[in-house]
Amino acid sequence: MIVNQALRFCSSASSGIRSTRTGILMNNMFNFQGVGSYFKFLMDQGNVPRHVMPWSYCVCEPKMKYILVTGGVISGIGKGVIASSIGTLLKSCGLHVTAIKIDPYINIDAGTFSPYEHGEVFVLDDGGEVDLDLGNYERFLDITLHKENNITTGKIYEHVIKKERRGDYLGKTVQVVPHITDAIQEWVERVAQVAVTPDDQTPEVCIIELGGTIGDIEGMPFVEAFRQFQFRVKRENFCCVHVSLVPQPKATGEHKTKPTQASVRELRGLGLSPDLIACRSEHPVTDGVKEKISNFCHVVPNQVICIHDVPSIYHVPLLMHNQGLTELFIKRLQLNLPEKRPRRFLSKWQDLVDRVDHLVKEVTITLVGKYTQFEDSYASVNKALHHASLTCNYKLNLNYIEATDLEARMQEENPVQFHEAWQQLCKSDGLLVPGGFGIRGIEGSNCH
């Protein structure tokens with residue numbers, strides 16, 4: 001029936017019918033799945049003049065696919081690396097991928113944070129000062145993100161309050177639901193369409209990482225927004241991945257699933273059912289543990305995967321692919337891709353992992369800084385040194401020294417710590433001194 005309608009239209013179009021009513025007909029017809037592709041085929045064959053209708057009428061725009069990554073039990077569980085790895089799998093399938101990081105704190109951005117709060121402040125090409133996870137996205141996916149790819153509670157409330165002051169709400173009472181939640185959804189939809197690659201291609205998949213853990217009071221508006229969002233964009237275009245800790249107490253030696261059960265129960269109670277549960281653990285979990293989580297968390301066993309500690313984060317995309325995640329996302333999001341992957345799929349990542357695992361020569365670099373008690377304070381510097389060492393086929397040993405431990409006054413206050421710091425420094429092959437604010441940073445040095 002659809003094909004007959006299409007052929008009748010083509011016949012009319014070839015006869016010179018170009019009225020507004022024809023445009024309405026085409027719009028109505030393109031609501032049927034697959035007709036857009038059929039018309040494109042007819043145009044390629046020369047059966048439909050391209051000047052009859054604008055190109056936007058003749059090709060169905062593919063629906064954006066959204067993957068929400070949430071966390072449970074504890075923060076800092078590795079959601080950023082897992083979100084980046086999911087993007088890597090889909091990009092390796094030939095899809096254009098973008099990413100959004102949501103931080104539920106009230107700060108407008110990360111620019112005024114102490115590095116001890118959330119690690120380094122990652123600076124984007126457009127000057128945006130954002131969470132360090134956006135650095136992970138850029139490195140894994142080879143994309144250029146923008147400051148609006150980092151959403152905070154402060155940004156959302158500032159946006160809504162400005163609209164209220166302008167009178168955009170026409171005197172209505174401005175509330176968390178629907179005004180804040182609507183603003184979140186609109187922001188995500190708008191930013192997801194922004195190109196992040198040099199070819200200016202519109203992304204096809206948007207990975208969204210929700211910071212913090214499920215149950216945090218500051219994250220509730222975002223959880224509610226995505227509860228509504230899953231119906232706004234339809235189920236086939238939305239997928240939820242929940243990352244949860246599966247601890248293994250030394251006293252018993254067995255993995256405990258209760259924290260994950262409680263976390264998923266809370267997530268489902270808030271209106272979001274996970275399509276995939278990623279179990280973070282120190283050691284691989286057994287199939288029995290996966291089946292137990294499957295039974296109590298309302299997912300099938302193949303939707304429970306294990307992301308255990310690995311020698312480097314470059315193993316994670318391969319670890320996820322080997323557990324069937326690529327095929328799972330293709331089916332769940334109804335991606336128009338063949339289920340069977342090419343023989344050399346992720347070959348670059350496999351080559352990278354092989355190189356990392358078989359490095360023989362070593363180089364020792366010492367980083368002298370102000371925030372050395374928290375390694376994430378220098379995350380980008382750390383990654384740059386590792387990438388440079390890998391390029392030169394060296395395994396990097398990176399040491400951190402507190403700058404004040406090298407000062408003369410430390411020799412009197414704590415001589416042991418003073419001499420150990422200098423000894424460690426003298427054994428290094430290289431030295432790096434990144435910037436720092438205040439008298440303990442570059443403002444207190446004699447270097448100009």
Side-chain angles (χ1 to χ4, degrees), residues 65-80 82-83 86 100-106 151-153 156-157 175-189 206-247 255-281 285 289-307 325 328-329 332-333:
K65 306 295 183 179
Y66 299 91
I67 300 176
L68 175 66
V69 180
T70 62
V73 185
I74 61 172
S75 60
I77 202 171
K79 296 190 299 296
I82 290 174
I86 292 172
I100 294 174
K101 173 65 189 296
I102 297 175
D103 290 302
Y105 45 67
I106 298 177
I151 304 174
T152 69
T153 298
I156 295 295
Y157 272 79
Q175 298 174 294
V176 173
V177 181
H179 302 100
I180 295 295
T181 52
D182 283 353
I184 293 168
Q185 295 175 68
E186 290 163 6
W187 192 303
V188 168
E189 283 190 304
C206 180
I207 313 292
I208 307 161
E209 180 191 347
L210 177 57
T213 56
I214 292 300
D216 292 346
I217 190 168
E218 60 266 26
M220 289 300 183
F222 293 98
V223 176
E224 171 60 22
F226 286 109
R227 184 195 68 78
Q228 301 172 20
F229 192 69
Q230 63 186 331
F231 302 110
R232 179 171 177 156
V233 299
K234 308 303 179 187
R235 186 179 186 277
E236 65 271 17
N237 300 316
F238 181 85
C239 177
C240 180
V241 177
H242 188 62
V243 185
S244 181
L245 178 69
V246 180
H255 288 99
K256 297 296 184 180
T257 65
K258 278 292 188 291
T260 296
Q261 293 178 38
S263 178
V264 172
R265 189 182 305 114
E266 184 158 15
L267 179 64
R268 295 185 65 208
L270 295 169
L272 287 172
S273 292
D275 299 285
L276 176 73
I277 299 175
C279 302
R280 283 286 293 115
S281 61
V285 301
V289 172
K290 291 182 181 180
E291 289 178 7
K292 188 174 182 180
I293 292 173
S294 168
N295 287 335
F296 285 96
C297 296
H298 198 64
V299 294
V300 295
N302 71 336
Q303 291 175 269
V304 180
I305 66 165
C306 171
I307 308 294
L325 250 68
L328 188 150
F329 285 123
R332 174 62 184 79
L333 295 173

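Model, not experiment: these values are computed from the prediction.
With sequence neighbours excluded, the residues that form a side-chain hydrogen bond (donor to acceptor under 3.5 Å, both in side chains) with T213 are D216. Here P247 pairs with L245, K256, P259 under the side-chain contact (heavy atoms from CB on, under 4.5 Å) rule; sequence neighbours left out. R227 pairs by the salt bridge (charged side-chain N to carboxylate O under 4.0 Å, His left out) definition with E224, not counting sequence neighbours. Checked against side-chain contact (heavy atoms from CB on, under 4.5 Å), V299 has the following partners two or more places apart in sequence or in another chain: I277, Q303, V304. K258 meets the salt bridge (charged side-chain N to carboxylate O under 4.0 Å, His left out) test with no other residue; sequence neighbours excluded. Shown here are the salt bridge (charged side-chain N to carboxylate O under 4.0 Å, His left out) partners of E189, two or more places apart in sequence or in another chain: R232. Judged as a side-chain hydrogen bond (donor to acceptor under 3.5 Å, both in side chains), and not counting sequence neighbours, K79 has no contacts. For T153, the side-chain contact (heavy atoms from CB on, under 4.5 Å) test picks out P104, I106, Y157, F222, with sequence neighbours left out. The ring-ring contact (aromatic ring centres under 6.0 Å, His included) search around F226 returns F229, not counting sequence neighbours. In this structure, the side-chain contact (heavy atoms from CB on, under 4.5 Å) partners of A225, at least two apart in sequence or on a different chain, are T181, I184, Q185.
A 4.5 Å side-chain heavy-atom check between V241 and L68 finds every atom pair outside the cut-off. Put simply, the side chain of L276 does not reach to within 4.5 Å of the side chain of R332, judged on heavy atoms. In this structure, R235 and D275 have side chains that are in contact, with non-hydrogen atoms separated by less than 4.5 Å. Taking the side chain as every heavy atom from C-beta outward, V69 and V243 approach each other to under 4.5 Å.
Nearest approach of I100 to C206, heavy atoms of both residues: CD1-SG, 3.7 Å.
With hydrogens and angles disregarded, a donor-acceptor distance shorter than 3.5 Å links the side chain of Q230 to the backbone of G271.
For residues 65-75, no residue pair satisfies the salt bridge (Lys or Arg N to Asp or Glu O under 4.0 Å) rule, not counting sequence neighbours.
With values rounded to the nearest 0.5 angstrom, D103 atom CG is found 7.5 Å from T152 atom OG1. Taking CD1 of I293 as the reference point, atom NE2 of H255 lies at 9.0 Å (rounded to 0.5 Å).
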Between side-chain atoms of residues 261-268 and protein atoms elsewhere (two or more places apart, or another chain), which donor-acceptor pairs fall under 3.5 Å?
residue: Q261; atom: NE2; partner: T257; partner atom: OG1; Å: 2.8
residue: S263; atom: OG; partner: H242; partner atom: NE2; Å: 2.6

